[in-house]
Visitor: 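Got a structure for you, questions after.
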Amino acid sequence: MKHAAVVTQFIIEEFLPDVGASELDSDYDLVDGGVIDSLGLLKTIAWLEDRFDLRVEEFDLDPDSFRSVGSISRFIERAQQHRTDSH
């Protein structure tokens with residue numbers, strides 16, 4: 001999960017300012033834990049598009065892809081691989 005540190009930093013800065021990076025487990029369920037709600041999900045998707053130059057609407061948006069730092073990192077890797085394979 002090469003993007004986990006960047007995703008963790010974003011989640012902490014935007015949603016958990018009182019939590020240290022080492023305290024947020026990469027598999028912690030951000031939705032069930034109340035960290036990200038529907039508006040937070042939209043904010044996260046917008047950040048992903050901007051930060052990683054992705055067009056998220058090109059992908060099947062499975063809610064499970066955004067439930068944890070780990071799943072978001074894996075989504076970024078799949079999206080970047082898809083972009084590379086498409087060119």
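In this chain, residues are counted from 1 in sequence order. For the numbers below, each heavy atom of this structure counts, side chains included, while hydrogens, waters and symmetry mates do not. This one's a predicted model, so the numbers in the text were calculated from it and none came from an experiment.
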Visitor: In the structure I gave you, are the side-chain heavy atoms of I36 and F15 within less than 4.5 Å of one another anywhere?
Guide: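 With C-beta onward as the side chain, the pair touches.
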Visitor: Nearest 0.5 angstrom please: D62 CG to D64 CG, how far?
Guide: 4.5 Å
Visitor: Mind running side-chain contact (heavy atoms from CB on, under 4.5 Å) on D32 and R67 for me, showing each step along the way?
Guide: CA-CA 8 Å; D32 283 349; R67 293 189 87 76; 3.0 Å; yes
Visitor: Quick one: CD1 on I76 to CG on L48, what's the gap to the nearest 0.5 Å?
Guide: 5.0 Å
Visitor: Indicate if L42 and F66 have the same hydrophobic cluster label, given that clusters are the connected sets of ILVMFWY residues with side-chain heavy-atom separations under 4.5 angstrom.
Guide: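 Unlinked, L42 and F66 end up in two clusters.
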Visitor: Same cluster or not: are V31 and L24 linked, directly or through other Ile, Leu, Val, Met, Phe, Trp or Tyr residues, by side-chain heavy atoms under 4.5 angstrom apart?
Guide: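 No; tracing contacts between hydrophobic side chains, which count when under 4.5 Å, never links both residues.
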Visitor: Could you walk me through whether Q81 and E77 pass side chain to side chain donor-acceptor pair (under 3.5 Å), step by step?
Guide: CA-CA 6 Å; Q81 184 62 45; E77 291 171 23; over 6 Å; no
Visitor: Could you walk me through whether Y28 and V35 satisfy the side-chain contact (heavy atoms from CB on, under 4.5 Å) test, starting with their C-alpha distance in whole Å, then the side-chain angles of each, then the deciding distance to 0.1 Å, before giving a yes or no?
Guide: CA-CA 10 Å; Y28 179 74; V35 176; 3.9 Å; yes
Visitor: Between S73 and A4, what is the shortest heavy-atom contact and its length?
Guide: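 That closest heavy-atom pairing would be OG-N, 3.5 Å.
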Visitor: So H3 and Q80, do their side chains get closer than 4.5 Å, heavy atoms only?
Guide: yes
Visitor: So how far is it from S68 OG to D25 CG, rounded to the nearest 0.5 Å?
Guide: 8.5 Å
Visitor: Evaluate side-chain contact (heavy atoms from CB on, under 4.5 Å) for W47 paired with V7, printing each intermediate quantity in order.
Guide: CA-CA 10 Å; W47 174 78; V7 173; 4.3 Å; yes
Visitor: Look up atom CD1 in I12 and atom CG in D18, then write down how far apart they are to the nearest 0.5 Å.
Guide: 10.5 Å
Visitor: From I72 CD1 over to T8 OG1, what is the distance, rounded to the nearest 0.5 angstrom?
Guide: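 Going from the CD1 atom of I72 to the OG1 atom of T8 covers 9.0 Å.
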Visitor: Would you please test F52 and V6 for side-chain contact (heavy atoms from CB on, under 4.5 Å) and show each step?
Guide: CA-CA 11 Å; F52 295 98; V6 175; 4.1 Å; yes
Visitor: Do side-chain atoms of T44 reach the backbone of G40 as a donor and acceptor pair under 3.5 angstrom?
Guide: yes
Visitor: Would K43 and E14 satisfy salt bridge (charged side-chain N to carboxylate O under 4.0 Å, His left out), going step by step from the backbone distance to the final call?
Guide: CA-CA 9 Å; K43 186 174 194 172; E14 294 296 324; 2.6 Å; yes
